[in-house]
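Have a look at the structure below, then the notes.
FYI, side chains are in, hydrogens and waters are out, and symmetry mates aren't considered; it's all heavy atoms of this structure.
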Amino acid sequence: MATHSSPPVLDLAPQRSTMLQEVLESLSERPRRLPSKYFYDARGSELFDAICELPEYYVTRTELSLMETHVDQMAAALGPRVCLVEMGSGSGVKTRRLLSELDAPAAYVPVEIARDHLVDSVGRLGEEFPELEISAVCGDFLQPLRLPPLSSEPRRYVVYFPGSTIGNLTTEGADALLSRFSDLVREAGREAAARVPGGLLLGVDLQKDVAVLEAAYNDAAGLTAEFNLNLLAHLNRRLGTQIPLDAFAHEAPYVAESERIEMRLRALRRVEFELAGRRFVVEAGEPLVTEYSHKYALEPFRTRLADRGWQVRQVWTDPQQYFALIYAEAR
């Protein structure tokens, strides 16, 4: 197989017009929202990588421990000659561990919205795995995607969706995405005449003590607050808004009735700004909701997967039951 020093990137990233429309729609809702996908410009991606190293942020640490303990079982479940399609690939730390254990993987297709971060990550992976076909997609995995053509012949396609990103979606959005993943691996498998049903390796953050949850999203170093406010900086730069960052404060309470953390930017004073000729007023005390982070009970989540075309084959959890990695196959 060809050596890849600079893996190709298929650019499907949202254009400014798409971003503008999504932000306008979100700001018009009540409560007002901002799309969390736009956290991940270059600075936002750097901040998130730093957040993952914080002592309060248990998610990445717990998932990495699960990977170290059970990666041989995960690799065996995925099997040989797999095409691994990673959604929201980020820095690729967990991916390296999985790829190093896989049996002759056919290809790796990372999907990431932050182009600079993606190029840097796949460049390093290309150096570490020179015999692996890597074909990156710069795009929004929340939208329908097409996979790039491959020179390899995968035996099967598996979507890898690590971290707790599934929890960032509404219930309806998460269900739709799980269905779309099922359709994706089926279609890719048919086109490539893959001989084994497509799979899904999914990270799920589980319900736990509220104090643990709130500490993870309100860290003492203030990195999550900076990450949250950077969303406004990204919008200012890309869309030409002039939203004052010092007029908003980060907050992230756990909302028990919704079983989720709600990350918000609350206005410290009355704020007025324009976007695409429309005037917006955010009153003092009014929140902009920037992200949900749902926390799941494992058994009901199994049922949701089944309802969306997936049959759970294996589940790996840590001793504290903080996090789960779930392997399922398309039915």
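Taking CG of D219 as the start and CD of E53 as the end, the distance is 13.0 Å to the nearest 0.5 Å. Atom CD of residue E299 and atom CZ of residue R302 lie 5.0 Å apart, to the nearest 0.5 angstrom. Going from atom NE2 of H294 over to atom CD of E259 covers 8.5 Å, rounded to the nearest 0.5 Å. Within the model, atoms SG of C52 and CG of L223 stand 10.5 Å from one another, a figure rounded to the nearest 0.5 Å. Rounding to the nearest 0.5 Å places CE of M87 at 11.5 Å from CG of L202. Rounding to the nearest 0.5 Å places CZ of R33 at 9.5 Å from CG of L27.
Looking only at side-chain heavy atoms (C-beta outward), T62 and Q320 stay at 4.5 Å or farther from each other. Counting only heavy atoms from C-beta outward, the side chains of L10 and C138 never approach each other to under 4.5 Å. At a threshold of 4.5 Å between non-hydrogen side-chain atoms, the residues R146 and V137 do not count as touching. Put simply, the side chain of L265 reaches to within 4.5 Å of the side chain of L229, judged on heavy atoms.
With salt bridges taken as basic N to acidic carboxylate O contacts below 4.0 Å, one links R270 and E272. Salt-bridge formation is detected for the pair E68/R97: a Lys NZ or Arg NE/NH1/NH2 atom is positioned less than 4.0 Å from an Asp or Glu carboxylate oxygen. Checked for salt-bridge contact, D246 and R269 meet the test: a charged N lies under 4.0 Å from a carboxylate O. A salt bridge links E22 with K37: the distance from a Lys NZ or Arg NE/NH1/NH2 to an Asp or Glu carboxylate oxygen falls below 4.0 Å. Salt bridge status for E46 with R43: present, with a side-chain N to carboxylate O gap under 4.0 Å. Ion pairing between a basic and an acidic side chain is recognised when a charged N comes within 4.0 Å of a carboxylate O; E329 and R331 show no such pairing. Salt bridge status for R264 with E291: absent, with no side-chain N to carboxylate O gap under 4.0 Å.
In terms of heavy-atom proximity, V185 sits nearest to G199 at CG1-O, 3.8 Å. Residues P105 and L132 share a closest heavy-atom pair of O-CD1, 3.6 Å. Of all heavy-atom pairs spanning L66 and M74, the tightest one is O-CE, 3.9 Å. The nearest pair of heavy atoms linking P162 to K94 is CB-NZ, 4.1 Å. Across A106 and P154, no two heavy atoms sit closer than the pair CB-CA, 3.7 Å. Contact record, A252 with N218: O-ND2, 3.0 Å, taken as the closest heavy-atom pair.
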Kindly determine whether V315 and Y327 satisfy side-chain contact (heavy atoms from CB on, under 4.5 Å), including the steps that lead there. CA-CA 6 Å; V315 178; Y327 173 66; over 6 Å; no
Mind running side-chain contact (heavy atoms from CB on, under 4.5 Å) on T290 and S36 for me, showing each step along the way? CA-CA 6 Å; T290 55; S36 60; 5.8 Å; no
Residue pair E86, V111: steps toward the side-chain contact (heavy atoms from CB on, under 4.5 Å) verdict: CA-CA 6 Å; E86 183 174 7; V111 181; over 6 Å; no
Between R266 and E286, is the side-chain contact (heavy atoms from CB on, under 4.5 Å) condition met? List the steps. CA-CA 6 Å; R266 190 171 294 278; E286 185 179 354; over 6 Å; no
Please lay out, stage by stage, how R186 and S182 fare under the test side chain to side chain donor-acceptor pair (under 3.5 Å). CA-CA 6 Å; R186 284 196 187 94; S182 178; 2.4 Å; yes
Apply the test side chain to side chain donor-acceptor pair (under 3.5 Å) to residues E133 and S151: give CA-CA distance (whole Å), side-chain angles for both, the deciding distance (0.1 Å), then the verdict. CA-CA 8 Å; E133 180 173 6; S151 62; 3.1 Å; yes
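Side chain of S45 to backbone of D41: a donor-acceptor contact under 3.5 angstrom is found. One N or O on the side chain of E56 and one on the backbone of A220 form a donor-acceptor pair closer than 3.5 Å. Listed for the W310 side chain is a donor-acceptor partner under 3.5 Å among the backbone atoms of L178. Between the side chain of R180 and the backbone N or O of L142, at least one donor-acceptor pair lies under 3.5 Å. For the pair E29 (side chain) and P31 (backbone), a donor-acceptor distance under 3.5 Å is absent. In this structure a side-chain-to-backbone donor-acceptor pair under 3.5 Å is missing from R308 to A176. S65 contributes no side-chain N or O that, together with a main-chain N or O of R61, makes up a donor-acceptor pair within less than 3.5 Å. For N228 (side chain) and T224 (main-chain N/O), no donor-acceptor pair under 3.5 Å exists by modelled atom type.
Sequence neighbours left out, the pairs with a member in residues 156-213 that pass ring pair (Phe, Tyr, Trp, His ring centres under 6.0 Å) are F141-F161, F161-F181. The list of ring pair (Phe, Tyr, Trp, His ring centres under 6.0 Å) pairs with a residue in residues 249-273, not counting sequence neighbours, reads F273-F280.
No single ILVMFWY cluster, assembled from side-chain heavy atoms under 4.5 Å apart, contains both V289 and M19. A single hydrophobic cluster is seen to contain both L231 and L275, as judged by linkage of ILVMFWY side chains at heavy-atom distances under 4.5 Å, directly or through other members. Residues L245 and L268 are members of separate hydrophobic clusters, defined by side-chain heavy-atom contacts under 4.5 angstrom among Ile, Leu, Val, Met, Phe, Trp and Tyr. Residues L305 and L298 are members of one and the same hydrophobic cluster, defined by side-chain heavy-atom contacts under 4.5 angstrom among Ile, Leu, Val, Met, Phe, Trp and Tyr. Residues V71 and F129 fall within the same hydrophobic cluster, defined by Ile, Leu, Val, Met, Phe, Trp and Tyr side chains chained together at heavy-atom separations under 4.5 Å.
For F39 and F227, the gap between ring centers is short of 6.0 Å.
Atom CD of Q321 sits in a crowded spot, with more than 12 heavy atoms from other residues, nucleotides or ligands closer than 6.0 Å. Around atom CD of Q242, no more than 12 heavy atoms belonging to other residues, nucleotides or ligands sit under 6.0 Å away.
Other members of the cluster containing V281 do not exist, because no ILVMFWY side chain is joined to it at under 4.5 Å.
Checked against L200 for a side-chain contact (heavy atoms from CB on, under 4.5 Å), the options V312, V158, V159 give a single hit: V159. Across Y296, Y58, Y322, a single residue satisfies side-chain hydrogen bond (donor to acceptor under 3.5 Å, both in side chains) together with D205, and that is Y58.
Between the side chains of S28 and R278, at least one donor-acceptor pair of N or O atoms lies under 3.5 Å.
With sequence neighbours excluded, no residue satisfies ring pair (Phe, Tyr, Trp, His ring centres under 6.0 Å) with Y217. Evaluation of the side chain to side chain donor-acceptor pair (under 3.5 Å) rule for S135 yields no partner, not counting sequence neighbours.
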Scan the side chains in residues 163-173 for donor-acceptor partners under 3.5 Å anywhere in the protein, sequence neighbours excluded, and list what turns up.
from	atom 1	to	atom 2	distance (Å)
N168	ND2	Y292	O	2.9
T170	OG1	G173	N	2.9

